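Quick caveat: nothing in here was measured; it's all calculated off a predicted structure. Just so we're on the same page: letters track the sequence lines, and every chain starts at 1.
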Amino acid sequence: MAGKTLYDKLWDAHLVRQNEDGSALIYIDRQILHEVTSPQAFEGLRLAGRKPWRIDANLATPDHNVPTTERSGGVDQIVDPVSRIQVKTLDANCDDFGIVEFKMNDSRQGIVHVVGPEQGMTLPGSTVVCGDSHTSTHGAFGALAHGIGTSEVEHVLATQCLIAKKMKNMLVRVDGELGAGVTAKDVVLHIIGVIGTAGGTGCAIEFGGSAIRSLSVEGRMTICNMAIEAGARVGLVAVDDKTIDYFRGRPFAPQGDSFEQAAAAWKDLVSDEDAVFDRVVEIRAEEIKPQVTWGTSPEMVVAVDGTVPNPERAGDQVKADGIRRALKYMGLEADQKITDIRLDRVFIGSCTNSRIEDLRAAAEVVKGRKVAATLKQALVVPGSGLVKAQAEAEGLDEIFIEAGLEWREPGCSMCLAMNPDKLGPGEHCASTSNRNFEGRQGFGGRTHLVSPAMAAAAAIAGHFVDVREMMNQ
Amino acid sequence: MKKFTQYTGIAAPLDRANVDTDMIIPKQFLKSIKRAGFGPNLFDELRYLDEGQPDQDCAGRPLNPDFVLNQPRYAGAGVLLARENFGCGSSREHAPWALDDYGFRAVIAPSFADIFYNNCFKNGLLPIILSEAQVDQLFKEVEANEGYQLTVDLERQVVVTPSGEEFAFEVDAFRKHCLLNGLDDIGLTLQHADEIKAYEARRRQEAPWLFDAIHN
């Protein structure tokens, strides 16, 4: 019998009940809640007169709507009334049901996918869900984690289980050594460019190979975060010593002997050597350059030294139409050089790239330099209050402010513009977030997805530049 | 949950691939704490020429005449014909809520994004996967014939065209059962409460740290 993949092991360990038709009941160890996708779930519980199954398996924090400017006035000072109601509703629901919540001005508040691992809420071998598609992030620690809809949030609250069907196993192996200036973000954008935004649909993608192994856990989180942009609800990276060390001393992680017992069990969270994957994609690390998206889907991506594609050379009609539509929306010309794209704003943040390592990478590039005068705004939004405090302890905030970037309070911010941080119509933004969909960062806004180092370099130049050239200066 | 058994209605063709959930319902409308009322903002940025705001009366807003759902011939459409990877992007259930609130009962496409596909079933909205060739044929027929209607029969798992041609589709037995009977799946899961408790007791022995309380 063939060995098991990491996904197979996680699935088997959480199987409560297997139905004959292929559907199953799987147990959920942890649920993270935020203000946007939870209110209707709590309302549903109330209407049905149901109580949460295991209240202490949940953690909540508001992130999507919160302002990132000075907010000592608290929730009452949120200007947008609908945003304010949504944050207040989360507070009230958590208070009513007795769910632990890091409220807006708690020092531990932040983006759900930054806070979960940071607190040791996410653990290797656990199942983690959240009403947010970027829950795939947590798979970087060998946890089975994926986004769910609001009805499922309610289902997990009420039953601690999810009705699910086993996904297919896909392996994306990146072997070799990444070049200087090439980051986890570039790796995942490149992967999406290769397999497409539906390339992983129906699959759990395990990211393996020497290039993935050599990444920090933060880098692995960036990769798994964007598994959903390749269509896969689940991204996974096998557990190794880096994973285990990450959890030592985290507040909700086991402590002392219990930690050692857990760590011994976590070592088995790797795919067996003889495991069989339904699909394998192999990529050479050396071929990956810093990436920039030019269009309105994450698969519309090229290397920074490339050009915007020409629909005339697209091959088929549907593709050509897609390119034409994207060029029109983005205000770009076919065959235009990527480095000629001028920027209006720069956003460094989001669940993809707002951890300490990301901020260090951006600070290194802007240190001693000044943001281009042509830029309207360059924002740095840390992923959590703890990331913010760490960055300030390292003096990164001063480097950013000195260079002309704004240093903000934690939240989702301009990634999806549910708070006041947004693009104006027609504005181009170098963004470290995860989606370049039409209107994502603001009505008519034009998003280009890049790594933190590339965003920082673009902020200095006012247009895209190859960060590798800047690093040599 | 709302039942789905059989439906016949006007089909509307949305001819673009990778329609994402931001396109189906833009983020500013996700601030609502309700489940209903998203219909007027379905495809907001494609449908209107201005930027929509939550709680705004959409009646007086300038319509984009090029957008398919604004064409009189598709008024009252209940079946949406779409291209590959429909519903990609976020997990927002507001996307199926908006489609449902607008009046759609079924979406037909060659492929769907996983989370969106799953969310549809929780809301009595039926996502149907047909082959690319079949979807192409439906697009041609819809565009060529004003008033073109499709019948979706969940019991028999077929889409029926006006000429009587039938296209069979697959659907999980459990999901079909829930939709046909309008069953609440939380209630169904709670019928297995003893199995969940038995699992917890067993798992607590193997991995006790997973049962440590999240505390303040």
Side-chain angles (χ1 to χ4, degrees), chain A residues 16-17 19 21-23 25 27 29 36-37 39-40 48 50 56-59 65 82-83 85-86 89 100 121 123 125-126 131-133 147-151 154-155 158-161 163 165 197-198 201-202 231 233 252 254 258 262 265 297 318 322 325 416-418 435 437-440 443, chain B residues 16-18 20 22-23 26-28 30-35 45 51-52 54-55 83-85 88-94 96 111-116 118-119 122-123 172-175 184-190 192-193 195-196 199-200 203 206-216:
Chain A
V16 172
R17 180 190 163 83
N19 298 320
D21 72 342
S23 70
L25 212 51
Y27 192 77
D29 296 310
V36 181
T37 54
Q40 298 87 351
R50 290 181 174 128
D56 63 11
N58 297 280
L59 175 69
N65 280 271
V82 259
S83 286
I85 290 170
Q86 202 162 48
T89 303
V100 174
M121 160 104 181
L123 290 173
S126 65
D132 191 287
S133 60
I148 55 177
T150 297
S151 294
E154 182 183 343
H155 191 279
T159 69
Q160 211 55 45
C161 290
I163 299 167
K165 202 174 169 186
T197 49
T201 301
R233 296 176 79 174
F252 300 139
S258 178
S297 163
V318 176
R325 186 152 32 205
L416 85 168
M418 281 188 76
R435 291 193 174 130
F437 298 154
E438 290 182 18
R440 169 82 179 181
F443 184 72
Chain B
R16 66 193 277 171
N18 297 315
D20 58 72
D22 279 81
M23 217 178 274
K27 69 268 168 194
Q28 64 269 38
L30 312 189
K31 297 178 187 187
S32 166
I33 57 170
K34 301 186 203 115
R35 263 175 203 265
E45 292 184 6
E51 180 181 4
D55 297 330
R83 295 290 185 184
E84 62 180 29
N85 201 26
C88 62
S90 88
S91 68
R92 60 188 71 163
E93 202 161 312
H94 311 69
S111 61
F112 292 91
D114 288 343
I115 304 181
F116 174 83
N118 208 28
N119 282 341
K122 312 285 181 187
N123 295 283
D172 286 349
F174 179 74
R175 285 170 161 154
D184 156 27
D185 56 11
I186 295 179
L188 291 177
T189 296
L190 287 173
H192 305 297
E195 284 169 78
I196 302 171
Y199 170 88
E200 284 180 322
R203 186 71 173 154
E206 295 166 6
W209 56 88
L210 290 176
F211 293 83
D212 291 346
I214 300 302
H215 56 84
N216 234 323

Item to check | Under 4.5 Å from any heavy atom of chain A - which part of B:Asn85 | outcome: side chain
Next on the checklist: With a 4.5 angstrom heavy-atom cut-off, is it the side chain or the backbone of A:Thr201 that approaches chain B, or both, or neither?
Outcome noted: both
Item to check | Contact origin within A:Thr89 toward chain B - heavy atom pairs under 4.5 Å | outcome: side chain
Checklist entry - In terms of heavy-atom pairs under 4.5 Å, which option from B:Ala17, B:Ala207, B:Ser32 contacts chain A the most? => result B:Ser32
Next on the checklist: A side-chain contact here means heavy atoms from C-beta on lying under 4.5 Å apart; do A:Arg50 and B:Ile186 qualify?
Outcome noted: yes
Next on the checklist: If I compare all heavy atoms of A:Arg17 with all of B:His192, which pair ends up nearest, and what's the gap?
Outcome noted: CZ-CE1, 3.2 Å
Checklist outcome for this item: One option among A:Ile148, A:Val100, A:Asp132, A:Thr37 has the most heavy-atom pairs under 4.5 Å with chain B, and it is A:Val100
Checklist entry - Hey, is the main chain of A:Met418 close enough, under 3.5 Å, to the side chain of B:Lys31 for a donor-acceptor pair? => result yes
Checklist entry - Is chain A contacted by the side chain of B:Pro208, its backbone, both, or neither, given a heavy-atom distance below 4.5 Å? => result side chain
Item to check | Shortest non-hydrogen contact between A:Gly149 and B:Asn119, atoms and distance | outcome: CA-OD1, 3.2 Å
Checklist outcome for this item: Scanning both residues in full, the closest heavy-atom pair of B:Arg92 with A:Leu416 reads NH2-CD1, 4.4 Å
Checklist outcome for this item: Honestly, the part of A:Ala158 sitting under 4.5 Å from a heavy atom of chain B is both
Checklist entry - Given the options A:Leu59, A:Val318, A:Leu25, which has more heavy-atom pairs under 4.5 Å with chain B than any of the others? => result A:Leu25
Item to check | Segment of A:Leu123 engaging chain B (4.5 angstrom heavy-atom cut-off) | outcome: side chain
Checklist entry - What do you reckon, is CG of B:Asn216 surrounded by more than 12 foreign heavy atoms closer than 6.0 Å? => result yes
Checklist entry - Between B:Lys27 and A:Gly439, is there a donor-acceptor pair closer than 3.5 Å when you use the side chain of the first and the backbone of the second? => result yes
Checklist entry - Considering only heavy atoms, which portion of B:Arg203 lies under 4.5 Å from any heavy atom of chain A: side chain, backbone, both, or neither? => result side chain
Next on the checklist: Given heavy-atom pairs under 4.5 angstrom as the criterion, report whether the side chain, backbone, both or neither of B:Glu200 touches chain A.
Outcome noted: side chain
Checklist entry - Relative to chain A, which segment of B:Ala173 carries a heavy atom at a distance below 4.5 Å: side chain, backbone, both, or neither? => result both
Item to check | Gap between atom CG of B:Asp172 and atom CD1 of A:Ile163 - 0.5 Å precision | outcome: 11.0 Å
Next on the checklist: Nearest 0.5 angstrom please: A:Asn65 CG to B:Leu30 CG, how far?
Outcome noted: 9.0 Å
Checklist entry - Donor-acceptor pair, A:Glu438 side chain versus B:Met23 backbone, under 3.5 Å? => result no
Checklist outcome for this item: In this structure, OG of A:Ser151 is separated from CG of B:Asp185 (nearest 0.5 Å) by 7.5 Å
Item to check | B:Pro54 versus A:Val82, closest heavy-atom pair with distance | outcome: CG-CG2, 4.2 Å
Checklist entry - What part of B:Asn18 lies closer than 4.5 angstrom to a heavy atom of chain A: side chain, backbone, both or neither? => result side chain
Checklist entry - Would you say the side chain of B:Ile115 lies within less than 4.5 Å of the side chain of A:Ser133, judging by non-hydrogen atoms? => result yes
Checklist outcome for this item: Cut-off 4.5 Å, heavy atoms of chain A, and the answer for B:Gln28 is neither
Checklist entry - How are the rings of A:Phe252 and B:His215 set to each other: parallel, tilted or perpendicular (split at 30° and 60°)? => result perpendicular
Checklist entry - When heavy-atom pairs shorter than 4.5 Å are enumerated against chain B, which of A:Met121, A:Glu154, A:Arg325, A:Gln160 gives the highest number? => result A:Arg325
Next on the checklist: Given heavy-atom pairs under 4.5 angstrom as the criterion, report whether the side chain, backbone, both or neither of B:Pro26 touches chain A.
Outcome noted: neither
Checklist entry - Is there a side chain to side chain contact (heavy atoms under 4.5 Å, CB included) between B:Thr189 and A:His155 once you walk through the steps? => result CA-CA 9 Å; B:Thr189 296; A:His155 191 279; 2.7 Å; yes
Checklist entry - What pairs with A:Phe437 under ring pair (Phe, Tyr, Trp, His ring centres under 6.0 Å), at least two apart in sequence or on another chain? => result none
Checklist entry - So, for A:Arg233 and B:Asp114, which heavy atoms are closest and what is the spacing to 0.1 Å? => result CD-CB, 3.5 Å
Checklist entry - Is there a side chain to side chain contact (heavy atoms under 4.5 Å, CB included) between A:Asn58 and B:Ile214 once you walk through the steps? => result CA-CA 7 Å; A:Asn58 297 280; B:Ile214 300 302; over 6 Å; no
Checklist entry - Between A:Thr197 and B:Cys88, is a side chain to side chain contact (heavy atoms under 4.5 Å, CB included) present by the stated rule, with each step listed? => result CA-CA 8 Å; A:Thr197 49; B:Cys88 62; 5.6 Å; no
Next on the checklist: Counting only non-hydrogen atoms closer than 4.5 Å, does B:Phe112 touch chain A with its backbone (N, CA, C, O), its side chain (CB onward), both, or neither?
Outcome noted: backbone
Checklist entry - Using a cut-off of under 4.5 Å for heavy-atom pairs, which of A:Ile85, A:Val16, A:Asn19 has the most such pairs with chain B? => result A:Val16
Checklist entry - Closest approach of B:Leu210 and A:Gly125, non-hydrogen atoms and distance? => result CD1-O, 4.3 Å
Next on the checklist: To the nearest 0.5 Å, what is the distance between OG1 on A:Thr150 and NZ on B:Lys122?
Outcome noted: 12.0 Å
Checklist entry - Which one of B:Glu84, B:Arg83, B:Lys34 has the most heavy-atom pairs closer than 4.5 Å to chain A? => result B:Lys34
Item to check | Ion pair A:Arg435/B:Asp22, N-O distance below 4.0 Å | outcome: no
